[in-house]
Amino acid sequence: MYSLVLTKGVPDFREGQVSFDDEGHLERGETPTVMNPNDEFALEAALQTKVRNGGTVGVMSMGPPGYEDVLREAMETVYADELFLLSDREMAAADTWATAITLATGIEKLAETDRGAPDLVFAGFKTADGETGHTGLQTAWGLDRPMITHVIAMEVDEDEERVRAKRLVEGDVEEIETVEAPLPAVIVADPEFEPSYRRADHRLTLKDLQEETAERAEDYEEHLTTWNHEDLNLDPDYIGLDGSPTIVESVDPIPKAPAEREATMIDPAEPDQLGEVLETMQPYAGGD
């Protein structure tokens, strides 16, 4: 069983980490890059598959060289065996379509390696910056593979070469259906996905993988393969900015966090002071 997880680096939107220019636009060069939070659910789904079914896990991303840190973090999260970075200037400023074309080509190239094509490709629900939720779906289209979205639980039957999954219908937590698809397939993990390791041997395998990966992540560069557009035989007219049909009409500035906060120190032993705090918080507790 070979699983591949797609991940992306996004700006660190935590308060105090984001930098803006004078017009309120995000300054990516001054803002740290972190792994897209929703990709963690795809990584967890791949890890569960590795623990239950064995095999290997790879992680792939398209982006600048700085994404190596994101891939290293992903290796530690999913106990990955190998990393792939698709990167050069021709791939820059791509929309979801051009990104999906590049990723699908990278995945198809894996079939030429000793590892072979992945049985399962995992993607996150959406990214924290664009939030379109298109890339995983468009990549599945580019690969011409069946796809299951909003997956919250899954199991793989290698004998029957099928994956069965529980998914949220249209993302609604009140409506769940069970579906299956033949391998190879694409899985889009929902934020409600929760890995399950009920068997003792699965928990022991998880522990062993954690120890193995700690050593591997220190020398992650030995397990990293970087491909540019020439390696993938991609025409620059169909990738990056030139290959992106999306036209951005306007951009709304991201609201800045409050520049200053005023702290009031209280003595928790003084009931009157605690009462003042509760009185201040009461309107917010009521939703005002």
Side-chain angles (χ1 to χ4, degrees), residues 1-10 28 33 35-36 39 42-43 46 55-124 127 129-130 134-145 147 184-187 213 216-246:
M1 178 61 56
Y2 179 23
S3 300
L4 181 75
V5 188
L6 304 179
T7 189
K8 181 188 179 185
V10 297
R28 285 185 177 268
T33 297
M35 183 171 61
N36 175 45
D39 293 344
L43 291 165
T56 57
V57 174
V59 183
M60 178 178 286
S61 183
M62 190 201 81
Y67 277 24
E68 287 187 13
D69 291 337
V70 174
L71 287 172
R72 179 179 182 176
E73 180 182 352
M75 171 175 271
E76 294 173 330
T77 301
V78 75
Y79 311 146
D81 301 272
E82 53 191 5
L83 307 172
F84 300 92
L85 178 61
L86 315 183
S87 179
D88 69 16
R89 290 185 177 275
E90 301 293 350
M91 301 177 187
D95 66 1
T96 62
W97 178 257
T99 299
I101 293 298
T102 305
L103 289 172
T105 306
I107 294 169
E108 289 175 340
K109 186 174 177 63
L110 290 174
E112 303 171 5
T113 67
D114 295 338
R115 187 75 71 194
D119 301 291
L120 285 169
V121 175
F122 293 89
T127 59
D129 49 1
H134 290 166
T135 303
L137 284 62
Q138 291 171 331
T139 302
W141 179 88
L143 294 169
D144 192 23
R145 289 187 176 194
M147 172 186 61
V186 176
I187 298 293
T213 309
R216 188 160 56 238
E218 292 182 1
D219 301 316
Y220 75 97
E221 291 176 320
E222 296 181 5
H223 308 278
L224 172 66
T225 299
T226 301
W227 287 326
N228 59 31
H229 77 281
E230 293 179 337
D231 296 324
L232 299 176
N233 195 28
L234 282 168
D235 187 333
D237 290 340
Y238 294 94
I239 60 172
L241 181 60
D242 291 342
S244 299
T246 303

What heavy-atom pair brings [X] and [Y] nearest, and what distance separates the two atoms?
{"X": "A140", "Y": "V186", "value": "CB-CG2, 3.7 Å"}
{"X": "G243", "Y": "P245", "value": "O-CD, 3.3 Å"}
{"X": "V59", "Y": "A74", "value": "CG1-CB, 3.8 Å"}
{"X": "R145", "Y": "A185", "value": "NH1-O, 3.8 Å"}
{"X": "S87", "Y": "G63", "value": "OG-O, 2.7 Å"}

Going from [atom1] on [X] to [atom2] on [Y], what distance comes out if it is rounded to the nearest 0.5 angstrom?
{"X": "T56", "Y": "L4", "atom1": "OG1", "atom2": "CG", "value": "9.5 Å"}
{"X": "H223", "Y": "T213", "atom1": "NE2", "atom2": "OG1", "value": "9.5 Å"}
{"X": "E68", "Y": "L83", "atom1": "CD", "atom2": "CG", "value": "9.0 Å"}
{"X": "I107", "Y": "L110", "atom1": "CD1", "atom2": "CG", "value": "7.0 Å"}
{"X": "L86", "Y": "L103", "atom1": "CG", "atom2": "CG", "value": "6.0 Å"}
{"X": "T33", "Y": "D69", "atom1": "OG1", "atom2": "CG", "value": "9.0 Å"}

Any side-chain heavy atom of [X] sitting closer than 4.5 Å to one from [Y]?
{"X": "E230", "Y": "E90", "answer": "no"}
{"X": "K8", "Y": "T135", "answer": "no"}
{"X": "R216", "Y": "D81", "answer": "yes"}
{"X": "P118", "Y": "P184", "answer": "no"}

Could you work out, with salt bridge (charged side-chain N to carboxylate O under 4.0 Å, His left out) as the rule, every residue matching E112, not counting sequence neighbours?
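With neighbours one apart ignored, the set is K109.
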Run through E73, M75, E82, E76 and flag the one making a side chain to side chain contact (heavy atoms under 4.5 Å, CB included) with Y220.
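With Y220 as partner, side chain to side chain contact (heavy atoms under 4.5 Å, CB included) holds for just one option, M75.
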From the options L120, L43, V121, select the one residue that forms a side chain to side chain contact (heavy atoms under 4.5 Å, CB included) with V5.
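Of the listed options, the one satisfying the test is L43.
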Just grab all the side-chain hydrogen bond (donor to acceptor under 3.5 Å, both in side chains) pairs involving residues 234-243, residues at least two apart or on different chains.
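Every candidate side-chain hydrogen bond (donor to acceptor under 3.5 Å, both in side chains) pair involving residues 234-243 fails, so no pair, neighbours aside, qualifies.
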Using a 3.5 Å cut-off and no angle test, enumerate the donor-acceptor pairs between side-chain atoms of residues 93-100 and protein atoms at least two apart in sequence or in another chain.
{"unit_1": "D95", "atom_1": "OD1", "unit_2": "W97", "atom_2": "N", "d": "3.1"}
{"unit_1": "D95", "atom_1": "OD1", "unit_2": "A98", "atom_2": "N", "d": "3.0"}
{"unit_1": "D95", "atom_1": "OD1", "unit_2": "S244", "atom_2": "OG", "d": "3.2"}
{"unit_1": "D95", "atom_1": "OD2", "unit_2": "T246", "atom_2": "N", "d": "3.0"}
{"unit_1": "D95", "atom_1": "OD2", "unit_2": "T246", "atom_2": "OG1", "d": "2.6"}
{"unit_1": "T96", "atom_1": "OG1", "unit_2": "Q138", "atom_2": "OE1", "d": "3.0"}
{"unit_1": "T99", "atom_1": "OG1", "unit_2": "D95", "atom_2": "O", "d": "2.8"}

F84: partners by ring-ring contact (aromatic ring centres under 6.0 Å, His included), with sequence neighbours left out
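ring-ring contact (aromatic ring centres under 6.0 Å, His included) list for F84, sorted by chain: W227.
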Is a donor on one side and an acceptor on the other found under 3.5 Å between the side chain of S61 and the backbone of T7?
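Between the backbone of T7 and the side chain of S61 there is a qualifying donor-acceptor contact (under 3.5 Å).
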Go through the structure and list residues passing side chain to side chain donor-acceptor pair (under 3.5 Å) with T77, not counting sequence neighbours.
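With sequence neighbours excluded, T77 shows a side chain to side chain donor-acceptor pair (under 3.5 Å) to no residue whatsoever.
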Applying side chain to side chain donor-acceptor pair (under 3.5 Å), can you list everything that pairs with H229, at least two apart in sequence or on another chain?
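If we apply the side chain to side chain donor-acceptor pair (under 3.5 Å) test to H229, skipping adjacent residues, the hits are D88.
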Is it true that atom CG of D144 has more than 12 heavy atoms of other residues, nucleotides or ligands lying nearer than 6.0 Å?
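No, because the 6.0 Å sphere around CG of D144 holds 12 heavy atoms or fewer from other groups.
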